[in-house]
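Order of the sequence lines fixes the chain letters, A, B, ..., with proteins taken first and strands second; residue numbering starts at 1 for each chain.
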2 protein chains.
Amino acid sequence: MIEGSPVPHEPPIYRRIADRLRQAILSGELRDGDRLPGENALMSEYGIARATARQALAVLINEGVAVPKRGSGVYVRQFRPIRRHGSRRLAREQWGAGRAIWDSDVSGRPYTVDELLIAREPVAEDVGRVLDCDEVWVRRRRYSVDGRPVQLAASHFPAALVEGTPVTTPDTGAGGVYARLRDLGHAPVHFTEEVRARMPAPEEAARLRLPAGTPVIEVCRTAFAAGGAAVELNKMIMDAASYVLQYDFDA
Amino acid sequence: MIEGSPVPHEPPIYRRIADRLRQAILSGELRDGDRLPGENALMSEYGIARATARQALAVLINEGVAVPKRGSGVYVRQFRPIRRHGSRRLAREQWGAGRAIWDSDVSGRPYTVDELLIAREPVAEDVGRVLDCDEVWVRRRRYSVDGRPVQLAASHFPAALVEGTPVTTPDTGAGGVYARLRDLGHAPVHFTEEVRARMPAPEEAARLRLPAGTPVIEVCRTAFAAGGAAVELNKMIMDAASYVLQYDFDA
DNA sequence: TAGTGGTCTAGACCACGGA
DNA sequence: CCGTGGTCTAGACCACTAG
């Protein structure tokens with residue numbers, strides 16, 4: 001064949017429509033909470049079938065740029081994160097006062113604990129690799145801000161360590177579980193946080209009421225006592241659209 | 001109306017199929033790289049239309065659990081992350097030797113810099129809020145591991161600070177840009193990293209060759225000199241499936 | 001060449017939300 | 001009530017991959 005097509009492969013219609021809409025959003029032409037053209041509008045404007053219009057909107061929805069509301073329309077999504085500090089001690093105001101990349105107006109608002117489940121369990125494989133024990137006490141909670149769930153957390157403690165202490169009860173007392181670990185002579189002196197991001201499992205999406213196209217941030221925080229033993233492993237799943245994690249450290 | 005439907009709303013067919021397939025993956029029945037049932041197989045197995053079978057597979061693809069290959073099939077995706085340490089100084093081996101939640105076999109493999117672009121530019125709004133200047137020198141690079149792109153990075157420096165220094169040239173010399181900043185009397189003594197996760201913009205997805213359903217991790221790292229002035233802002237975009245970030249800090 | 005996924009059409013019925 | 005998005009069917013043509 002001599003006549004190859006030298007055309008640099010035009011993207012399909014639904015992509016070009018999605019690109020146009022995204023551009024309108026990024027340029028500020030469409031702003032937070034604005035309504036996008038609906039399926040019917042796209043069908044008539046571009047002379048396409050319903051499924052194609054849906055496909056264009058699905059692109060933006062799966063990107064987390066837009067969010068659909070049944071019976072109403074598709075809307076521009078907003079990003080107003082909570083700022084979570086890894087190491088409070090190092091995050092002094094003197095470093096970059098008012099100089100954050102992302103604004104966060106939810107910072108400092110009170111959390112509420114929606115759900116709380118405490119149980120003694122055999123240790124899961126990945127947790128066992130860190131805590132080095134056979135049984136754990138687990139405190140599972142869901143946190144909400146302004147009535148919207150934002151985080152699932154599961155704190156794991158070696159069962160032998162916390163058996164019969166307030167750590168295994170709903171009210172852990174002043175200072176929380178870390179103060180109780182200190183009372184037991186195992187005060188945490190060092191923390192390691194492992195951070196990754198991924199798409200949520202359906203159960204996570206349901207519990208966090210995540211719209212499509214929203215990743216979660218998974219933070220696994222290990223607390224170490226002075227001897228080097230791991231005394232707590234906290235697995236946190238956060239709505240990525242609701243959080244900015246901040247870490248401070250010296251050179 | 002008296003006869004309301006008391007049924008707790010069964011999920012649609014495509015979701016139930018997606019759930020079954022996901023379960024098969026999570027349970028290990030289908031393993032990394034295995035081929036999933038194709039569209040035709042699902043059509044005949046469940047007696048559904050093509051679009052419905054596609055919809056089921058699209059769920060898994062958008063979750064990042066599966067990845068489609070044209071003309072071949074849909075396959076189970078794998079997760080083999082690189083471990084990136086925020087503060088090397090604090091991440092001593094004594095804390096949790098061999099006790100990470102996620103294995104990472106790519107750790108320590110050499111990066112290569114695929115692309116390098118250096119330019120003097122007017123400062124963007126968000127960067128200007130941090131660096132407090134009108135013009136910046138920007139070093140943009142793309143990093144790859146084993147020939148696969150994993151990270152886009154853009155380092156910004158106040159133009160007045162680095163004008164005429166090796167920071168504005170491809171080869172920055174021994175120790176890199178931080179050593180050059182030190183030579184200039186602006187050695188970084190403190191770092192702040194802001195971390196968020198989101199779905200990639202199409203240009204980012206293209207440059208990182210991301211399959212659908214892969215979020216990116218965005219890390220904005222600010223370096224501060226002794227006086228408290230911000231001397232560098234590095235915006236990094238990472239393939240979330242390729243990275244685990246680790247942060248260590250003391251209580 | 002046969003089978004795969006990628007795109008697209010032209011219909012249909014449903015549940016939900018706002019006016 | 002009507003318009004919205006959510007689900008589904010039954011076709012079609014295409015580009016790509018593998019045997």
Side-chain angles (χ1 to χ4, degrees), chain A residues 1 3-19 21 33-63 65-77 202 205-206 209-213, chain B residues 1 3-19 21 33-62 65-77 202 205-206 209 211-213:
Chain A
M1 209 212 273
E3 284 289 316
S5 165
V7 180
H9 254 70
E10 231 175 34
I13 303 178
Y14 78 93
R15 282 234 153 254
R16 294 207 299 268
I17 297 176
D19 290 346
L21 293 175
D34 280 1
R35 189 174 180 282
L36 272 65
E39 300 177 357
N40 294 341
L42 293 178
M43 288 170 69
S44 54
E45 183 179 353
Y46 292 94
I48 55 176
R50 175 123 191 266
T52 308
R54 279 185 66 74
Q55 208 174 356
L57 293 171
V59 169
L60 302 178
I61 291 167
N62 281 322
E63 285 177 0
V65 171
V67 53
K69 289 204 195 310
R70 299 180 76 111
S72 172
V74 179
Y75 297 84
V76 179
R77 193 160 168 205
R209 288 208 285 276
L210 298 178
Chain B
M1 209 210 277
E3 284 291 314
S5 165
V7 180
H9 253 69
E10 231 174 33
I13 303 178
Y14 78 93
R15 280 231 155 255
R16 294 207 299 269
I17 297 176
D19 290 346
L21 293 175
D34 279 1
R35 188 175 181 283
L36 272 66
E39 299 175 359
N40 294 342
L42 294 177
M43 287 170 70
S44 54
E45 183 179 352
Y46 293 95
I48 56 177
R50 177 126 191 264
T52 308
R54 278 185 67 74
Q55 208 174 356
L57 293 171
V59 169
L60 301 178
I61 290 167
N62 281 321
V65 171
V67 52
K69 289 204 197 309
R70 299 180 75 112
S72 170
V74 178
Y75 297 84
V76 179
R77 195 164 165 198
R209 288 207 286 273

Of all the choices, [options], which nucleotide is nearest to the side chain of [X] once you look at every atom?
X	options	value
A:P12	D:dG5, C:dT7, D:dC8	C:dT7
B:S72	D:dG5, D:dC8, D:dT17	D:dT17
A:R70	D:dA15, C:dC16, D:dT4	C:dC16

From [atom1] of [X] over to [atom2] of [N], roughly how many Å is that when rounded to an integer?
X	N	atom1	atom2	value
B:K69	C:dG6	NZ	P	11 Å
B:E39	D:dA15	CD	P	17 Å
A:R35	C:dA19	CZ	P	11 Å

* From B:T52 atom OG1 to B:L57 atom CG, the distance as rounded to the nearest 0.5 Å -> 11.0 Å

* Asked: Sub-3.5 Å donor-acceptor pair from the side chain of A:R16 to the main-chain atoms of A:P11, do we have one?
  ->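 Such a contact is found between A:R16 side chain and A:P11 backbone.
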
* Would you say B:R35's side chain and B:S72's backbone share a donor-acceptor pair under 3.5 angstrom? ->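 Such a contact is found between B:R35 side chain and B:S72 backbone.
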
* Asked: Can you list, by residue number, the residues of residues 41-61 of chain B that have a non-hydrogen atom closer than 4.0 angstrom to DNA chain C?
  -> B:R50, B:R54

* **Counterpart residues, salt bridge (Lys or Arg N to Asp or Glu O under 4.0 Å), relative to A:R209 (two or more places apart)** => none

* To do: Not counting sequence neighbours, which residues clear salt bridge (Lys or Arg N to Asp or Glu O under 4.0 Å) with B:R54? List them please.
  =>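 Partners of B:R54 under the salt bridge (Lys or Arg N to Asp or Glu O under 4.0 Å) test: B:E39.
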
* Asked: Would you say B:Y14 reaches D:dT7's phosphate, i.e. side-chain N/O to OP1/OP2 under 4.0 Å?
  -> yes

* Would one find a side-chain N or O of B:N40 under 4.0 angstrom from OP1 or OP2 of C:dT4? ->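 Yes, within the criterion.
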
* **Evaluation steps, side-chain contact (heavy atoms from CB on, under 4.5 Å), between A:V67 and A:I61** => CA-CA 6 Å; A:V67 53; A:I61 291 167; over 6 Å; no

* To do: Remember a base hit wins even if backbone is also touched, and classify A:R15 as base, sugar-phosphate or nothing at under 4.0 Å, heavy atoms.
  => nothing

* Quick one: look up who D:dG19 pairs with, Watson-Crick or G-U, both distances under 3.5 Å, and put none if it's unpaired. => none

